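These notes concern the structure reproduced below.
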Amino acid sequence: MLYWFYRHMDVNLFQYITVRAGFAFFIAFIITIYLMPLFIAWAKSKKANQPINKFAPKAHLKKSDTPTMGGVVFVFSTVISTLLSANLSNPFTSGAIYTLVSFCILGLRDDYGKIVSKNNLHGLKARSKFAIQLILGFGTAVFLYHYIGFDSRFFAPFVKFAIFDMGWGAPIFWTLVIAAASNAVNLTDGLDGLATVPSVFALFSLGVIVYVTGNAVLSSYLLWPKIIGVGEVAVVAAALTGALIGFLWYNCNPAEVFMGDSGSLAVGAFLGYMAILGKSEILLLLIGLIFVIETVSVIAQVGSFKLRGKRIFLMAPIHHHFEMKQWAENKIIVRFWIIAFIANLIALITLKIR
């Protein structure tokens with residue numbers, strides 16, 4: 001709508017991505033703040049609560065009455081804000097909406113299965129969920145590669161030029177990036193606000209990167225790849241950031257609502273999508289460092305147990321390990337936030353080191 005005012009009503013203020021991103025942020029924030037209490041009340045009346053895994057630390061039992069699927073609200077707020085603020089004729093905006101909504105629906109299906117069965121182990125099977133993530137991610141990748149003709153060159157941090165052209169292998173690589181990022185955020189979502197704030201940091205960093213990538217002057221100055229049109233996705237990133245901060249109002253410890261898979265899968269997939277647009281797939285490892293640490297802890301734990309019959313951590317993902325060591329939940333959360341903030345600060349600094 002705002003972009004329409006610029007094109008048809010000659011309101012020049014709305015031609016700027018930064019202005020529309022600001023509006024998108026506040027629109028999504030306000031919608032989320034308004035809708036979330038209504039959703040929480042509805043979820044409680046329907047007993048749509050988060051099932052607690054019997055293997056989780058005992059302290060989690062007190063959270064068994066906390067509603068889940070809050071991700072549906074902030075994804076909805078993001079989409080509405082995007083429709084009102086972004087240039088909808090931009091194909092990268094369409095890809096962003098598809099990625100968010102499709103992964104949210106997948107997560108909603110998983111959440112619903114857990115709620116109906118009242119068992120955290122009775123959502124979608126891990127293999128089935130990952131297979132669907134690959135299919136959805138491949139849909140985004142094919143859209144970028146075949147429909148948009150997106151740049152298939154591979155870039156690395158600190159290097160001024162493309163390393164090589166991935167060619168037809170690009171959609172496969174992008175699919176793995178989206179699916180991996182989606183799973184990583186999903187694994188991190190285990191404590192109140194633990195996944196939310198690192199996601200906000202990551203969205204800010206990637207928002208800056210895609211804005212630079214789509215800006216001819218800044219990309220030239222920073223020796224960054226220039227791709228026309230991708231900067232518009234910064235508006236979507238701002239909308240999701242505003243929605244997540246609105247969600248955090250109710251998700252901070254002690255949480256009144258959890259995002260569920262409907263939120264974590266969508267946020268992770270969108271981070272992967274933004275990393276692809278900003279040619280920052282490798283830098284995403286630093287931007288999403290907390291998500292990487294959580295994922296590696298699970299892989300290491302499972303691998304060690306299968307190969308040696310021994311565990312590395314008291315429990316995985318690693319935030320549960322610290323819970324088992326009797327760390328206070330708030331201490332774990334805030335320390336992980338600090339690590340995420342520092343990692344994203346370093347990632348942004350690398351923009352100039354090429």
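Hydrogens, waters and symmetry mates play no part in the numbers below; they use all other heavy atoms, side chains included. The model shown is predicted, which means the values in this text are computed figures rather than measured ones.
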To the nearest 0.5 Å, tell me how far Ile31 CD1 sits from Tyr34 OH.
11.0 Å

Is there a path from Ile40 to Trp249 through hydrophobic residues (I, L, V, M, F, W, Y) whose side chains come within less than 4.5 Å of each other?
yes

Side chain to side chain, Thr68 and Ile115, heavy atoms closer than 4.5 Å:
yes

Counting distance only, does the side-chain N/O of Ser297 pair as donor-acceptor with the main-chain N or O of Ile318 below 3.5 Å?
yes

Checking the side chain of Ser304 only, and the main-chain atoms of Lys310 only, is there a donor and an acceptor separated by less than 3.5 Å?
yes

Flag if over 12 foreign heavy atoms under 6.0 Å of CH2, Trp327:
yes

Start with the C-alpha distance between Ile287 and Ile209, add both sets of side-chain angles, then the distance that settles side-chain contact (heavy atoms from CB on, under 4.5 Å), and finish with yes or no.
CA-CA 11 Å; Ile287 291 171; Ile209 290 171; 3.8 Å; yes

Would you find more than 12 non-hydrogen atoms of other residues, nucleotides or ligands less than 6.0 Å from Phe204 atom CZ?
no

So for atom CD1, which belongs to Ile228, do other residues, nucleotides or ligands contribute more than 12 heavy atoms lying within a distance under 6.0 Å?
no

Leu265 vs Lys129, test: side-chain contact (heavy atoms from CB on, under 4.5 Å). Steps then yes/no.
CA-CA 10 Å; Leu265 293 182; Lys129 183 162 69 173; 4.1 Å; yes

Could you please spell out the steps behind the side-chain hydrogen bond (donor to acceptor under 3.5 Å, both in side chains) verdict for Asp111 and Ser262?
CA-CA 7 Å; Asp111 288 334; Ser262 54; 3.2 Å; yes

Quick one, Val257 with Val73, criterion side-chain contact (heavy atoms from CB on, under 4.5 Å). Give me CA distance, side-chain angles, the key distance, then yes/no.
CA-CA 11 Å; Val257 62; Val73 176; over 6 Å; no

When you look at Trp224 and Leu218, which way does the side-chain contact (heavy atoms from CB on, under 4.5 Å) test go after all the steps?
CA-CA 8 Å; Trp224 198 261; Leu218 291 176; over 6 Å; no

Whether Tyr273 side chain and Trp174 backbone form a donor-acceptor pair below 3.5 Å
no

So with a 6.0 Å cut-off around CZ of Phe154, is the heavy-atom count from everything else above 12?
yes

Check: Val217 main-chain N/O paired with Ser220 side-chain donor or acceptor under 3.5 Å
no

Separation of Asn251 CG from Phe74 CZ (nearest 0.5 Å):
8.5 Å

Ring of Tyr221, cation from Lys352 - is the NZ or CZ under 6.0 Å from the centre and inside 45° of the axis?
yes

Selection residues 335-349 - residue pairs positive for side chain to side chain donor-acceptor pair (under 3.5 Å), sequence neighbours left out:
Ser205-Asn344

For the side chain of Gln301 and the backbone of Ile312, is there at least one donor-acceptor N/O pair under 3.5 Å apart?
yes

Nearest 0.5 angstrom please: Thr196 OG1 to Met259 CE, how far?
3.5 Å

Quick check: does any side chain N or O of Asp192 sit under 3.5 Å from a backbone N or O of Ala255, one acting as donor and the other as acceptor?
yes

pair Ile290-Phe201: side-chain heavy atoms closer than 4.5 Å
no

Closest non-hydrogen atom pair between Phe103 and Ser182, with its separation:
CD2-OG, 3.6 Å

Looking only at heavy atoms, the pair that brings Ser94 and Phe143 closest together is CB-CZ, 4.5 Å

The side chain to side chain contact (heavy atoms under 4.5 Å, CB included) partner of Thr78 among Ile97, Leu240, Thr32 is Leu240

In terms of ring plane angle, is the pair Phe150 and Phe92 parallel, tilted or perpendicular, where the classes change at 30° and 60°?
perpendicular

Inspect the surroundings of CZ in Phe313 and state if more than 12 heavy atoms from other residues, nucleotides or ligands are less than 6.0 Å away.
yes

For the student: nearest non-hydrogen atoms of Ala239 and Ala28, plus distance
O-CB, 3.0 Å

Using 30° and 60° as the class limits, which term best fits the ring planes of Phe39 and Trp42: parallel, tilted or perpendicular?
tilted

